[in-house]
Amino acid sequence: MAIKELTFVVCYLTVCTAGHEFFSSTDQIVQLVEKKKDLLKGFSQYIDAEEKNVEIMKSVLLKLLLSNSDPVDPEEIMRDPVAAYKLLRQLRNEFINIVKHIELSFYQCNEYQYELEFLEIPQPEDLDGAASGLIRLQEIYKFYPEDIMKEMSLSADEAYHVGLVAYKEDKFQHAFLWFEYSLETLTEYSAITEEELLQSLISSAYHFGSLPVAIYYNNQLLNIDPTNEVRAQLNRLLRSQRSSNADIFTLNTESSNSYEALCRGEIDERTSQRQRALSCRYSTGGGNPRLMYAPVKEEVEWDEPRIIRYHDIISDREIDILKNISRPLVQNYGIGGRYEPHYDAEDDENERIATFLIYMSDVEIGGATVFPEVGVALKPKKGSAVFWYNLRKNGNVDLNTEHAGCPVLRGNKWVANKWIYEYGQEFRRPCSLSYWE
């Protein structure tokens with residue numbers, strides 16, 4: 001009502017002042033006296049409405065302050081992907097709540113308008129992406145919902161959202177497990193209802209091929225509403241179909257590929273024995289004067305292809321500078337972020353002859369750089385860097401250099417790449433015509 005009254009006052013002023021020459025008519029001046037009374041009345045109503053709105057905003061602010069659970073160190077909470085997902089949802093809801101009440105203000109010259117115009121509120125697709133990251137972690141590390149929530153739990157509504165994202169991605173088993181968890185944690189304050197969850201469980205179980213489970217949850221719905229003929233017909237339809245032995249409750253823990261196995265830390269014993277034979281040393285770079293004064297710590301991580309790690313190659317100050325440069329581009333790994341197996345060589349004229357990968361953070365669990373073809377996994381170590389040649393001396397891509405970045409299970413992963421191109425390296429690494437080099 002107050003908004004309408006304010007609109008009336010503004011429009012009223014516009015009508016009264018448009019198209020009149022008050023100095024040419026005494027009657028018009030007399031009418032202004034009456035119009036002033038209307039304006040004062042509207043002004044009073046405006047003040048009342050604004051005061052009410054201020055009280056509402058104070059109440060909202062107080063609630064936000066009392067319920068404020070922002071971490072002292074936001075980067076620390078980002079170490080847990082579930083906590084990061086919850087924080088993203090919380091920030092989105094709080095941003096929307098604050099903006100909604102600020103926009104209700106009648107104060108036309110709102111000093112926050114500039115901030116509102118450039119405020120980036122997390123969108124629904126951001127929440128979906130975060131949920132998809134959690135599901136990706138589950139897939140690679142073979143986790144049930146309870147496994148990934150060791151540090152922090154999700155509410156029934158949050159778990160339902162993760163299940164919906166899994167369902168949209170046709171990952172029906174993970175969807176089912178999240179819906180089941182949501183049902184177990186359902187409270188009277190949850191936005192999702194028991195009926196909606198049972199329907200989701202039925203649908204995901206059906207698509208997974210676990211018909212007995214779908215029938216079981218359909219019976220649960222029938223218990224809630226025995227007169228529901230649609231549910232009764234669905235039961236008859238499900239019973240008429242051929243049942244499968246798909247166990248929707250148990251995840252398959254077998255490795256689908258060597259990339260995922262390496263991410264989980266599953267290394268072949270033969271690989272371990274070969275690694276134990278490798279060495280580390282202080283390198284002077286073949287007599288480089290600067291390295292004679294301060295030798296570099298060089299560790300051979302693998303012999304073929306030759307992968308070298310250099311320890312303490314970059315300082316904390318230099319790392320902070322690189323982080324600050326990359327932050328405007330949000331250039332680090334997000335929730336469940338990974339890099340699929342790939343080659344750094346791009347089949348260009350000036351090819352990437354070698355890669356120098358700098359680790360700018362430690363990672364507690366996950367986040368390894370893995371080479372699936374040779375079974376090698378390199379754990380990130382802050383301040384170190386690994387180097388390898390992408391090309392053989394004959395110019396062909398070394399197929400053993402296929403590598404990938406595993407998703408971070410706990411921690412934050414920051415890396416920087418320096419690619420070394422062919423041009424300018426003719427005398428440092430001469431070409432070879434041999435097929436074997």
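Please read all numbers here as calculations on a predicted model, not as lab measurements. Nothing fancy with the numbering, it's 1 onward along the sequence.
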Pairing of Glu340 and Arg338 as salt bridge, 4.0 angstrom limit: yes
Full working for side chain to side chain donor-acceptor pair (under 3.5 Å) between Thr355 and Asp344: CA-CA 7 Å; Thr355 294; Asp344 279 352; 2.6 Å; yes
Pairs satisfying salt bridge (Lys or Arg N to Asp or Glu O under 4.0 Å), at least one member in residues 364-379, at least two apart: Arg79-Glu364, Glu364-Arg410
Euclidean distance, Gln273 CD relative to Ile267 CD1, rounded to 0.5 Å: 13.0 Å
Thr250 vs Asp247, side chain to side chain donor-acceptor pair (under 3.5 Å): CA-CA, chis, key distance, verdict: CA-CA 6 Å; Thr250 307; Asp247 183 1; 2.7 Å; yes
Note, Arg309 side chain near Glu298 side chain (heavy atom, < 4.5 Å): no
Pair listing, disulfide bond (SG atoms under 2.5 Å apart) test, anchored in residues 245-314, at least two apart: Cys263-Cys406
Set of residues satisfying side chain to side chain contact (heavy atoms under 4.5 Å, CB included) with respect to Arg317, sequence neighbours excluded: Ser315, Ile321
All pairs passing ring pair (Phe, Tyr, Trp, His ring centres under 6.0 Å) where residues 340-389 contributes a residue, at least two apart: Tyr339-His342, His342-His403, Phe371-Trp388, Phe371-His403, Phe387-Tyr389, Trp388-His403
Worked verdict on Gln90 versus Leu87 for side chain to side chain contact (heavy atoms under 4.5 Å, CB included): CA-CA 5 Å; Gln90 172 193 324; Leu87 181 59; 4.1 Å; yes
Partner set under ring-ring contact (aromatic ring centres under 6.0 Å, His included) for Phe249, not counting sequence neighbours: Phe176
Tyr206 atom OH: more than 12 heavy-atom contacts under 6.0 Å: no
Ring pair (Phe, Tyr, Trp, His ring centres under 6.0 Å) contacts in which one or both residues fall within residues 136-160, not counting sequence neighbours: Tyr160-Phe179
Whether Asp398 side chain and Asn390 backbone form a donor-acceptor pair below 3.5 Å: no
Lys171 with Glu139: basic N within carboxylate O range, under 4.0 Å: yes
Partners meeting salt bridge (charged side-chain N to carboxylate O under 4.0 Å, His left out) with Glu304 (sequence neighbours left out): Arg392
By salt bridge (charged side-chain N to carboxylate O under 4.0 Å, His left out) - contacts of Lys382 (at least two apart): Asp316
Val82 versus Met152, closest heavy-atom pair with distance: CG1-O, 3.3 Å
Pairing residues for Glu422 by the salt bridge (charged side-chain N to carboxylate O under 4.0 Å, His left out) criterion, not counting sequence neighbours: none
Where at least one partner belongs to residues 137-166, residue pairs that pass disulfide bond (SG atoms under 2.5 Å apart), sequence neighbours excluded: none
Partner set under salt bridge (charged side-chain N to carboxylate O under 4.0 Å, His left out) for Arg429, not counting sequence neighbours: none
Selection residues 274-326 - residue pairs positive for ring pair (Phe, Tyr, Trp, His ring centres under 6.0 Å), sequence neighbours left out: none
